[in-house]
Participant: 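Input: one structure, supplied below.
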Amino acid sequence: MQYVSYGAEGTAESMRLTEGATPTPGLGEILIEVHYAGVNRPDVAQRSGNYAPPPGASPILGLEVAGRVAALGEGVAEWKVDDLVTALVPGGGYAEYCVTPAAHALPIPLGLSMAEAAGLPETWYTVWANVMDIGRLKAGERLLVHGGSSGIGLAAIQLARHVGAEVIVTVGSDEKADFCKAFGADHAINYKECDFTEKVREVTKGEGVDIVLDMVGAPYMKKNLSLLRRDGRLVLIAFLSGSKCEFDFMHVMVKRLTITGSTMRPRTVSEKAAIRASLARHIWPDLANGRLKTHLFATFPLAEVGEAHRLMESSRHIGKIVLQVRG
Ligand SMILES: NC(=O)c1ccc[n+]([C@@H]2O[C@H](COP(=O)([O-])OP(=O)(O)OC[C@H]3O[C@@H](n4cnc5c(N)ncnc54)[C@H](OP(=O)(O)O)[C@@H]3O)[C@@H](O)[C@H]2O)c1
């Protein structure tokens, strides 16, 4: 099969199509003939040498795919050959075939294209795990999401509305702010034009927020803590601007805050299967009936994967970027 390899220098320019062995599904796994593969920021981090795959995972890039079940490993009863699925994969998505636990696949939601479906798993697994399971967002609460126009950010906007929570996002341009508001955000703040903490205080009449979903890290730490209300939760999912800083713990004690976070990829098969069960129950039906939206920004042929990564690194995109592997 063909897959995307990259050179030791880790640049987008070094990515190229390479011949390799087709993987074999093991116990409880399915082999997927990949039609589309989602591009995620962690792929850029892995290519650059900053995010090594966990032990046992494929070293090939790619954390989510949509395609056709091509073969079943031993013990798989819930899928059959030729089923069309979208799946979270532990690695290996940028390829003509990849394997993943059967328990991490979901059907293509009715009405969504295969390309759109390929961009669902990594963002929805991550957002559900961090905003619902860890962050415990409830109706009537207020969520602040940094990187509001990212794939993750748009899913978080949709989830907050789904739950009945208010959602405020920060973004790097007015165009992104307008898009996020049209996509369901109650407020969208262009952090390049103002101090987002002042603006959040203004739009919340000084109350602040219950949860912050953050991917920026160090420079936002003090600001995030200052904006959280009593019993607030800061959920860290990435450190795009650094992971080390100094801050005053006083806020944490006085306001009974929780500082937490998680990564998706190293979770166990059963932990991810539990998240899939929540998505299948609470999210997939509403993606199929149109109550929940997704936004596909651009599709690139697999051979143009370097262009796809350059677009992601430019941060010009809004929502998802996917690679067309077949068809
Ligand atoms: N913990 C986990 O399990 C997990 C899983 C998946 C993804 N993630 C993380 O979640 C984040 C979003 O992922 P994604 O694939 O949805 O990413 P994405 O679409 O590429 O979006 C990232 C956005 O972050 C904003 N940003 C803010 N500060 C930035 C900085 N210093 N450098 C670059 N961008 C910056 C940019 O928008 P503006 O220009 O508007 O600022 C950019 O568009 C990534 O950091 C990713 O690593 C974590």
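Remember, it's 1-based here, ligands and their atoms both numbered in the order they're listed. Quick note: residue numbers are just sequence positions, from 1.
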Participant: Under 6.0 Å from the CD atom of Glu78, do we count more than 12 heavy atoms belonging to anything else shown?
Facilitator: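 Yes, CD of Glu78 has more than 12 neighbouring heavy atoms, counting only those of other groups under 6.0 Å.
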
Participant: Answer yes or no: is there an ion pair linking Arg201 with Glu198, defined by an N-O contact shorter than 4.0 Å?
Facilitator: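 Answer for the salt bridge query: no.
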
Participant: What is the nearest protein non-hydrogen atom to atom 45 (O) of ligand 1, stated with its residue, atom name and distance?
Facilitator: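 Here the closest protein heavy atom is Ala238 CB, 3.1 Å.
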
Participant: Counting only heavy atoms not in Lys293, do more than 12 sit closer than 6.0 Å to its NZ atom?
Facilitator: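 Yes.
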
Participant: So is there a nitrogen or oxygen of Ile237 less than 3.5 Å from a nitrogen or oxygen in ligand 1?
Facilitator: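 So ligand 1 has an N or O lying under 3.5 Å from an N or O of Ile237.
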
Participant: Would you say the side chains of Tyr51 and Asp43 form a donor-acceptor pair under 3.5 Å?
Facilitator: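 No, no side-chain donor-acceptor contact under 3.5 Å.
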
Participant: Tell me, which protein residue and heavy-atom name are nearest atom 24 (O) of ligand 1, and how many Å apart are they?
Facilitator: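 Of every protein heavy atom, Leu240 CD1, 3.5 Å lies nearest to atom 24 (O) of ligand 1.
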
Participant: Under 4.0 Å between a side-chain nitrogen and a carboxylate oxygen: does that hold for Arg310 and Glu304?
Facilitator: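 Here Arg310 does not pair with Glu304 in a salt bridge, since their nearest N and O are not under 4.0 Å apart.
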
Participant: Go through ligand 1 atom by atom and flag the ones less than 4.0 Å from a non-hydrogen atom of Tyr191.
Facilitator: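 Once the distances to Tyr191 are compared, the set is 38 (P), 39 (O), 41 (O).
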
Participant: In the protein, what heavy atom is nearest to atom 23 (C) of ligand 1, and what distance, to one decimal place, separates them?
Facilitator: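 For this ligand atom, the closest protein heavy atom is Ser150 CB, 3.9 Å.
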
Participant: Among protein heavy atoms, which lies nearest atom 7 (C) of ligand 1, and at what distance?
Facilitator: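 Result for atom 7 (C) of ligand 1: Pro42 CG, 3.7 Å.
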
Participant: Could you work out, for atom 37 (O) of ligand 1, the closest of Glu175, Arg316, Lys176 by heavy-atom distance?
Facilitator: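 Result: the heavy atom closest to atom 37 (O) of ligand 1 is in Lys176.
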
Participant: Who gets closest to atom 19 (O) of ligand 1 by heavy atom: Arg41, His317, Lys320?
Facilitator: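 When every heavy atom of Arg41, His317, Lys320 is considered, His317 comes closest to atom 19 (O) of ligand 1.
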
Participant: Salt bridge check, Arg265 against Glu122: does any charged N sit closer than 4.0 Å to a carboxylate O?
Facilitator: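 Looking at Arg265 together with Glu122, the answer is no, because their closest N to O distance does not fall below 4.0 Å.
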
Participant: Please determine if Lys222 and Asp248 form a salt bridge, counting it only when a charged side-chain N lies under 4.0 Å from a carboxylate O.
Facilitator: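 So Lys222 does not pair with Asp248 through a salt bridge.
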
Participant: Nearest protein heavy atom to atom 4 (C) of ligand 1, by residue and atom, and its distance?
Facilitator: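 Minimum-distance protein heavy atom for atom 4 (C) of ligand 1 reads Thr126 CG2, 3.6 Å.
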
Participant: Less than 4.0 Å between a side-chain N and a carboxylate O, is that true for Arg229 and Asp210?
Facilitator: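 Yes, charged N to carboxylate O under 4.0 Å.
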
Participant: Would you call Glu207 and Arg142 a salt bridge, taking side-chain N to carboxylate O under 4.0 Å as the test?
Facilitator: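 Counted as a salt bridge, because a side-chain N and a carboxylate O are separated by less than 4.0 Å.
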
Participant: Determine whether the side chain, the backbone, both or neither of Ala45 has a heavy atom under 4.0 Å from any heavy atom of ligand 1.
Facilitator: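 No part of Ala45 comes within reach of ligand 1.
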
Participant: Between Leu311, Ile152, Asn190, which one has a non-hydrogen atom sitting closest to atom 13 (O) of ligand 1?
Facilitator: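 Considering heavy atoms of Leu311, Ile152, Asn190, the nearest to atom 13 (O) of ligand 1 sits in Ile152.
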
Participant: Under 4.0 Å from a heavy atom of Ser241: which atoms of ligand 1 are those, numbered in the order shown and with their elements?
Facilitator: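 Listed by number with element: 31 (N).
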
Participant: Would Leu213 and Leu144 satisfy side chain to side chain contact (heavy atoms under 4.5 Å, CB included), going step by step from the backbone distance to the final call?
Facilitator: CA-CA 6 Å; Leu213 181 68; Leu144 171 64; over 6 Å; no

Participant: Name the option, out of Gln46, Arg265, Glu122, that contains the heavy atom nearest to atom 5 (C) of ligand 1.
Facilitator: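 Looking at heavy atoms only, Glu122 sits closest to atom 5 (C) of ligand 1.
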
Participant: Could you identify the single nearest non-hydrogen protein atom to atom 36 (C) of ligand 1 and state the distance to 0.1 Å?
Facilitator: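 Going atom by atom, the protein heavy atom closest to atom 36 (C) of ligand 1 ends up being Ser315 OG, 3.6 Å.
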
Participant: List the closest protein heavy-atom neighbour of atom 3 (O) of ligand 1: residue, atom name, distance to the nearest 0.1 Å.
Facilitator: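 For atom 3 (O) of ligand 1, the nearest protein heavy atom is Met264 N, 2.8 Å.
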
Participant: Which residue holds the protein heavy atom closest to atom 27 (C) of ligand 1, what is that atom called, and what is the gap in Å?
Facilitator: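 Protein heavy atom with the smallest distance to atom 27 (C) of ligand 1: Val216 CG2, 3.9 Å.
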
Participant: Taking 4.0 angstrom as the limit and counting only heavy atoms of Gly151, give me the atoms of ligand 1 inside it, by number and element.
Facilitator: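 So the atoms of ligand 1 that pass are 16 (O), 19 (O).
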
